[in-house]
There are 2 protein chains.
Amino acid sequence: MVLAKHLKQRRPVTRELQARGLRMTAQRKVIAEVLQKAGKHLDAPEVLRRARQQLPGLHLATVYRALESLKKLGIIDELDLMHFRGTGHYYEARTDKDHMHFTCQRCGSVLEIQTPLFEKLKAQIEGRHGLSIRVARLELGGICGTCAAKKEKPERISA
Amino acid sequence: MVLAKHLKQRRPVTRELQARGLRMTAQRKVIAEVLQKAGKHLDAPEVLRRARQQLPGLHLATVYRALESLKKLGIIDELDLMHFRGTGHYYEARTDKDHMHFTCQRCGSVLEIQTPLFEKLKAQIEGRHGLSIRVARLELGGICGTCAAKKEKPERISA
DNA sequence: TTCTAGTTGCGAATAACTCGCAACTTGATT
DNA sequence: AATCAAGTTGCGAGTTATTCGCAACTAGAA
């Protein structure tokens, strides 16, 4: 049950789409590749910018639609990185192990973190509550080591 | 280090605000109370609706501003519940122990989950990476037990 | 009571998506 | 290879969810 998700990720994207009655199009292909190659989280306009190098006519609405499908298929994950900049979202390709994201609320740097405890936690929850987890998003916010070392006073909060 | 956050929550809201140069206003007070009494996650318009029972002239912009301050002070947390309905956010008062939210992606029901493993996980991360966590948001999406029992075929995904 | 800096209500402006629809593809079928 | 139903896309026009500018209005230190 926990493993199903991992197997799923390995299935080629086209297969995954067809299993749900969706089609592989040039747009979805390029968008998925952009995220797989990026290795980091991109927001929708940035995905558009990069994908347009292959498909100049690509429209932002199509990017949003593709991100939505890929997200539902478990091929990509959505993040908000503590909304450090704006209220938008970021996307990244899934890898075989889920990881967590820590965003420094002072400098905005993002750290990706992995630990077996995360898998354990998910398994425990599935077992205890009789549910199955498809997406697990653990986002952390705080002060990174570098900023803490600077020993600045707590920042002012604007109204 | 891990405890600091808990102590903070217990400090009265007014104190917490003043420590950052902010003021306690009728608006912030009512908005904080609405969330503390609600016991569940509310979105901004719903917070407005409830708070207006005490402050009829309250404006939505003020609600957003108050939510932002309270969030930065660690008095409330922000969620998106897997964006099951729209791209907006939900807010809830913090309690002494963080909990996780599972949203069923079929029926939309939300389950709050607690386990000591979560605290353990955060402590481990703080120790390993030399950072301090102020906010931890673990959101899960999947199929709840009730929906799984209905044995329906995987839902169609619209483009 | 005074005074200064923080706040609020308003309406306008943005940001971040989402929709309707005609034209265009995909890929299963013949 | 040609056909065709159903899924998709590009557009531009919405919608939703916030955020801003600013003058009038407090909170709370002095």
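In what follows, chains are A, B, ... by sequence order, proteins preceding strands, each numbered from 1. FYI, side chains are in, hydrogens and waters are out, and symmetry mates aren't considered; it's all heavy atoms of this structure.
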Global bending angle along the helix from C/dT1-D/dA30 to C/dT30-D/dA1, which compares the axes of five pairs at either end, to 10 degrees: 40°
Integer-rounded Å distance: [N] [atom2] and [X] [atom1]:
X	N	atom1	atom2	answer
A/Leu17	D/dG7	CG	C1'	11 Å
B/Ile31	C/dT8	CD1	P	7 Å
B/Leu55	C/dC10	CG	P	12 Å
B/His83	C/dT18	NE2	C1'	14 Å
B/Lys72	C/dT7	NZ	C1'	15 Å
A/Glu78	C/dC17	CD	C1'	11 Å
B/Arg20	C/dT7	CZ	C1'	18 Å
B/Leu60	C/dG9	CG	C1'	12 Å

N/O (side chain, B/Tyr64) to phosphate O (OP1/OP2, D/dT18) under 4.0 Å: yes
Distance test, side-chain N/O of A/Gln27 to OP1/OP2 of D/dG10, below 4.0 Å: yes
Can you name the closest pair of heavy atoms from [X] and [Y] and give their distance?
X	Y	value
A/Ala66	A/Arg28	CB-CG, 4.3 Å
B/Asp98	B/Ala136	OD2-CB, 3.8 Å
A/Gln36	A/Ala93	CG-CB, 3.7 Å

Non-neighbouring partners of A/Ser109 that pass side-chain hydrogen bond (donor to acceptor under 3.5 Å, both in side chains), sequence neighbours left out: none
Intermediate values then yes/no, side chain to side chain contact (heavy atoms under 4.5 Å, CB included), A/Ile143 and B/Leu131: CA-CA 6 Å; A/Ile143 308 297; B/Leu131 45 85; over 6 Å; no
B/Gln124 and A/Thr115 side chains, donor-acceptor separation under 3.5 Å: yes
Nucleotide-resolved protein contact map, nucleotides 23-30 of chain D, B/S/- at heavy-atom distance under 4.0 Å: ---BBS--
Stretch residues 35-47 of chain A: residues that reach within less than 4.0 Å of DNA chain C through a heavy atom: none
Expected rows: protein N/O vs nucleotides 11-16 of chain D N/O, under 3.5 Å:
residue: D/dC11; atom: OP2; partner: A/Gly57; partner atom: O; Å: 3.4

When the side chains of residues 84-91 of chain B are checked against the rest of the protein, which donor-acceptor pairs come out under 3.5 Å, sequence neighbours left out?
residue: B/His89; atom: NE2; partner: A/His83; partner atom: NE2; Å: 2.8
residue: B/Tyr91; atom: OH; partner: B/Glu78; partner atom: OE2; Å: 3.2

Any donor-acceptor pair under 3.5 Å from B/Glu126 side chain to B/Ser132 backbone: no
Salt bridge A/Lys71-A/Glu68, side-chain N to carboxylate O under 4.0 Å: yes
Lys/Arg N to Asp/Glu carboxylate O, B/Glu33 vs B/Lys29, below 4.0 Å: yes
Minimum side-chain heavy-atom gap A/Leu81-A/His41 below 4.5 Å: yes
Non-neighbouring partners of B/Asp43 that pass salt bridge (charged side-chain N to carboxylate O under 4.0 Å, His left out), sequence neighbours left out: none
With B/His99 via ring-ring contact (aromatic ring centres under 6.0 Å, His included) - residues at least two apart: B/His101
With a cut-off of 3.5 Å and sequence neighbours excluded, list every side-chain donor-acceptor pair involving residues 46-61 of chain A.
residue: A/Glu46; atom: OE1; partner: A/Arg49; partner atom: NE; Å: 3.0
residue: A/Glu46; atom: OE2; partner: A/Arg49; partner atom: NH2; Å: 3.0
residue: A/Glu46; atom: OE2; partner: A/Arg50; partner atom: NE; Å: 2.7
residue: A/Glu46; atom: OE2; partner: A/Arg50; partner atom: NH2; Å: 3.4
residue: A/Arg52; atom: NE; partner: A/Leu58; partner atom: O; Å: 2.9
residue: A/Arg52; atom: NH2; partner: A/Leu58; partner atom: O; Å: 2.8
residue: A/His59; atom: ND1; partner: A/Ala61; partner atom: N; Å: 2.9

